[in-house]
Every structure is written in structure tokens, then in C-alpha cells.
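Below, read A as the first sequence line, B as the second, and so on, with proteins coming before strands; counting in each chain starts at 1. None of these values were measured; they are calculated from a predicted model.
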Amino acid sequence: MNLFKYFREEIIVALSRLNLPDGLDTGKVTAEPPREEAHGDVATNAAMVLSKPAGMKPRDLAEALAAQLRTHPAVTAVEIAGPGFINLRLVESFWAERLGDILRAGTTYGDSDMGGQRPINVEYVSANPTGPMHIGHARGAVIGDALASLLAKAGFAVSREYYINDAGAQVDVLARSIHLRYREALGEEIGDIPEGLYPGDYLKPAGAQLVTLHGDKYQTAPESEWLASFRLFAVDAMMDMIRDDLAALGVKHDVFTSERGLVESGRVDAALEFLAGLGQVYEGVLEPPKGKVLDDWEPRPQTLFRATAFGDDVDRPLKKSDGSWTYFASDIAYHLDKFRRGFPEMIDIWGADHGGYVKRMQAAVKAVSEGGGALDVKLCQMVNLMKGGQPFKMSKRAGTFVTLRDLVDQVGKDVVRFIMLTRKNDAHLDFDLDKVLEQSRDNPVFYVQYAHARCHSVLRHGVTALAGADLSAAALAAGPLARLTDPAELSVIKVLASWPRLVESAAEAHEPHRVAFYLNDVAAAFHGLWNKGKDDTQLRFLIEGDAELSLARMALVRAVADVIASGLAVFGVEPMEEMR
RNA sequence: GCGCCCUUAGCUCAGUUGGAUAGAGCAGCCGCCUUCUAAGCGGCAGGUCGUUGGUUCGAAUCCAACAGGGCGCGCCA
């Protein structure tokens, strides 16, 4: 239950009982947590946004609405404040009920039906199949994966997809690079890897495998005899490696789509024919880009997409001079494919260096879906690797790692995942190899995990202290929750009870990082309550001689653990029950 | 030259889709362990929300212009 959504509905009901003009637009009415806790639990702007259309002074409208709201059984006080805010204070039993909700739901707390199981497509990673994944890929992978989980939690039917760019010139380069490794595996002295080929050692095993498959059959054969089959083999080998890397990071996809597959099955031709049928393809000559010197610029006719008709700055080429499709053309086909598979809503996660590509892709989606589809692109900024507060220079020669796999091996997948989500996608992120393993307040992974572990520590003590008591979630939910009356306890419950709202707003904004900040808030609230027990022994969780109160507090502690676990589940991070 | 992103405390960053007196952490200063993990907590101090206009009951948030930083700019993906 998103309690703010609930009270917004209640406010609109209350409004309908007032003598207001018919057809009043209540779309701008909000019910939100007030910034200041002292202002109450729920604040609404209704009187301010409706005063003009209702032809009333904000104050008068507020008085009338407040009178209605005072009759709500969960409302204990209504105040009018500032320019016309109405602040609601809720009865304590309302919060006890929310605590019960949490315990009954466990880690499914926060699940929402906001999405109504509407399909939504999230494409992420889509790293070129030419080598192992690097740190930069990891951020997009984690953001995409967590966003997909978040949307699923918010009630969308999510498809997680990976687009394999296996059709361009780069995979020919890959095939040639592997051919060289193949010759090397046959005993040839290959010397330095020539400029323009992929030098990485990771290609050696593939070369060796090709020897077991083919012997020396292609050692001196002309490229035309082996290129296609080596390319296929190489892409498969690289995708196996990437899938392993993704698995190490705990990232999963439902659908892998091959660009080459789209091209060879004629779906790119078909898509572009379709686009042409809509009148959005023409032969034309582009102006040279201004302000940028291109020495080899020659005006020439090209096959262009009329992207300017859909908000782009210039029309975009679809064919290369050799007649083959550009990457953009096959990407159009891929997005049309997604749309036709039933995804009017699509999200792509890209690196920030592809920012210049966003408008044209959105234009293409608009065109090809004939206005029925929408694409949101989340751009991921760079990750700066740090160590001990200093930039960490990666160097293969020095043996300092470069790959995602090495990073995961060094700090663990959960740490990588959590840290990648502690910043907005479009902000630079410092990833400090030392700090992320520190057990301190400024390491958010630790801080949140520690709160969860602390909860479990208390629960373990509760098992002993309350020997014989049933500490299952169901029993705790049915327990004497009304005993939780201290403001410090209630404020923790209030933080927990705001989780459903946070899930919905983060999902709506496509911003999984908000979950990280929320978890930090939950952890802080819990650590704070814990320490209050140091000053005031009456606030400790286990109170000797008052089993009832202790049970109620066990319920609160378990609910904190549940909500943290619920949030970490969105991130694909395992909650820890002990920190040792 | 054009487009997109960014600019909030000394540092790193949030800011609930336009709300009330702009918030955290770190660094600094002052406190809190005979106690369920002090691996933590509380307090003090710290601000022209890049600048200037505009929109309205109300702007860090929306619009315009400008400044600074980043990314990109016809057949790479």
C-alpha cells in the first residue's frame, strides 16, 4: 500500500463532498510526506491548486476540506499551514497496521500494481562481442538489471534484452585477430600483433580451439575461405565469455538478439522498406557539419531517414557507400522488432559517449511505431576507478586489472552492484577499491548491510531472551504492535512505510539509484534507534520483564530487515545476516 | 558552429517530478562504550542552489539568454 496514493484518493473523495464546481480537475492535487516531520504525516496542496478553479480563497477551501478530512478514522489531526497546505497527522494504530503489512509481505513489501503488468523492454549491456567486459560496461549492466527488477516490482512485465552487435566491420577484425591466434597455436611465430587487430591474450584459447577443430587446414588459406566461419566461432566464443562475466556479476537477460541475424533474415530490409513505405526514406545530400573540419568531405547522395520530421537535428544515413546497412539501420530494425513483439515502452541503457545518438533513435522509434512507441535512453557516465582516494591507473603491464571479472573477484559482485547504483546514471561515479571494502559509515554497502546484520543479531538474541515465543513474521504481525508508541519507533515505521511510494516513484522515473539512497535512510533510522537504547534503556529492543513490548520491538526489527532485504533484492544484492 | 548532459556546504553527492526554514556523508570542532556488534550514534559550524531575466499563490526544480565543465557531430558500433 502506497499510503500517500491512498490519502490522495481520500482527499479527492473528501473534495467531492464539498460544494465545488463540477468537473474540477484534481490532477494537480498531491499527497506527499511533508519535508518537516513536525508538519505531520501527509501534506496536500489541494487547497492551493484548486482555489482558483473553485473560485475560493485558498484558506476557505482549506478550512472546508480540513473539516471533511477530520472525519477520516485514520486522521487524528488536521492543520492548515503556510500558503494553504493541509497537514494530516495519523493515528498510531495506522502505523501499527503498516508494520503488520510489512511483516506479512516480507521482501515482497513494496510490490506495486502500478505497471498493471504492461510490457516494458529494457535493453542493457549490449557490449560489442570483441572482448571481455570492462568496468564501464559494469555500470550499464547493473543499472539496467536493477532498473528491470525495479520495474518488475512496480508491476510491469519486463523483458531484459541484449543486442549483439555482430554484423559490423569490427567482427571481421575479430575474426582476423583470432586467425592470427590460430596460426600462433599451430606453432607460428606471430611477433607483435599488427595495428588494427585486437591484441588481447583472451583470444588465445579460441585460437587453440580452432586448431582442435580444423587442424592446420586454414593456416595459409585465403581469408575468403575462413572469414565467415571464424567470425561465427569468434563471436560465439566472445559471447560465452561475456555471458560468464555477466553471470559473475549476477546479471541476466531474457532475450539476446543478433544484429547479423536481423540482417541475414531480411528483417532489416523489411524494416527499412516499411519505413520507406511511410514516406520517411529518401535519397539526398547532407550538408557538411559546421565547425568541425572534415578534410575528406565530399557531398554525395545517400539513403537518408527523415529524422528531422521527428525531432532530430539532421536526417540520418541508412546505407554505407558499399551498399550495406549502417548500424543505425539495423538498430531501427531491432527497435521495430521490439515494438512488434509487444513493447510500446522501451528503455535503452547506453554509455554517455553515445549521447549524440539518442535523438535519432527516438525519432526512429516514433516513426516506425507510427507514434505508438516510446523510447527512453538512460546514459551512463564514466566510472573513475580509485584506490585510497587517488585515481587508479590501469595497466596491463603492471598487472593491475582491467576487466569486470577482475573487479568482481577483488571486491565481490554485491559490492560492485551496490556501488554502481549509488549515483544517478548521468553523474560521474568514483569507485574506490579500498573504500568499498572499508567497514565504516562512508561505505554505503557496509552501512546498509550492517544495519541488516544488526537486525538479525537482535533477533538472535530475541530467540534466547524470549525463549518459547513465536518470532515468525506471521506471529509478530499479529502481536501487540500498539505497544510501539515512542516517537523514535514511530519514525522508523514511517520510513519503512514510505517504501511502496519510493518504489513507484523510482520506477516511474526510471531511476534505480533512489533505492540506494532510501536504503541508506532506513539504515540510518535503524542505527539511530539502536543508539537511543544506549542513552535510554527503556528504548532497547529487549526489555527484561516486558515480553509483550519486547515482542512488539522484535516485529519492528524484523520489519527493518525485511525492507532492507526488499530493497537489496531490487539491486540483486544478498543481504548479510552477520558481518564477521 | 550545432545538439545533448552537468554546475547545490571546503570535498563527494541527495533533493520525493513546482511546495513550507534547501538536506546527507566526509573533512573540522564537542560529546556518547561495566550494555543486544562504538564496524555505530548525537550535537556545533558550514549555502547568492553557476549568473541574469521570465512563467505563478510558490522555482534548486519549468522557460530564455549567458558563463564554466563533459560527450558527440556523413558511410564506427
(request) Name the pairing partner of B:G47, where a pair is Watson-Crick or G-U wobble with both distances under 3.5 Å, or state none. (result) none

(request) Would you kindly give the CZ-to-P distance between A:R501 and B:U16, to the nearest whole Å? (result) 10 Å

(message) Need one value for A:N45: base, sugar-phosphate or nothing, where a base atom within 4.0 Å counts as base even if backbone is also close, heavy atoms only.
(response) base

(message) By nearest heavy atom, map A:E259 and A:S440 onto RNA chain B; which one lands nearer the 5' end?
(response) A:S440

(request) To the nearest Å, give me how far apart NE2 (A:H134) and P (B:A77) are. (result) 20 Å

(request) Mind checking A:V314 for me? I need base, sugar-phosphate or nothing, with any heavy atom below 4.0 Å counting as a touch. (result) nothing

(request) Indicate, with a heavy-atom threshold strictly under 4.0 Å, whether A:F446 touches base, sugar-phosphate, or nothing. (result) base

(request) Check every atom of B:C36, B:U37, B:G74 against the side chain of A:E578 and return the nucleotide holding the closest atom. (result) B:U37

(request) Examine the base of B:A14 for any acceptor or donor lying under 3.5 Å from a partner atom in the side chain of A:H513, and report the outcome as yes or no. (result) no

(message) Taking 4.0 Å as the cut-off, does a side-chain nitrogen or oxygen of A:H527 come that near to OP1 or OP2 on B:A38?
(response) no

(message) Under 4.0 Å, heavy atoms only, any strand: does A:A352 hit a base, just the sugar-phosphate, or nothing?
(response) sugar-phosphate

(message) Please confirm whether the shortest side-chain N or O distance from A:Y447 to OP1 or OP2 of B:C41 is below 4.0 Å.
(response) yes

(request) Select base, sugar-phosphate, or nothing to describe what A:H428 touches, counting heavy atoms under 4.0 Å on all strands. (result) sugar-phosphate

(request) Could you say whether A:L529 or A:E298 is positioned toward the 5' end of RNA chain B, judged by the nucleotide with the nearest heavy atom to each? (result) A:L529

(request) Can you establish whether the number of heavy atoms outside A:E79 located under 6.0 Å from its atom CD is more than 12? (result) yes

(message) On the side chain of A:R423, is there an atom forming a donor-acceptor pair with the base of B:U12 - under 3.5 Å, no angle test?
(response) no

(request) Choose from B:G40, B:C57, B:C36 the nucleotide whose nearest atom is closest to any side-chain atom of A:F541. (result) B:C36

(request) Identify which nucleotide among B:G40, B:G25, B:G19 has an atom closest to any side-chain atom of A:E32, counting heavy atoms from C-beta outward. (result) B:G19

(request) Could you measure between the two P atoms, the one in B:G50 and the one in B:A22, and give it in whole Å? (result) 15 Å

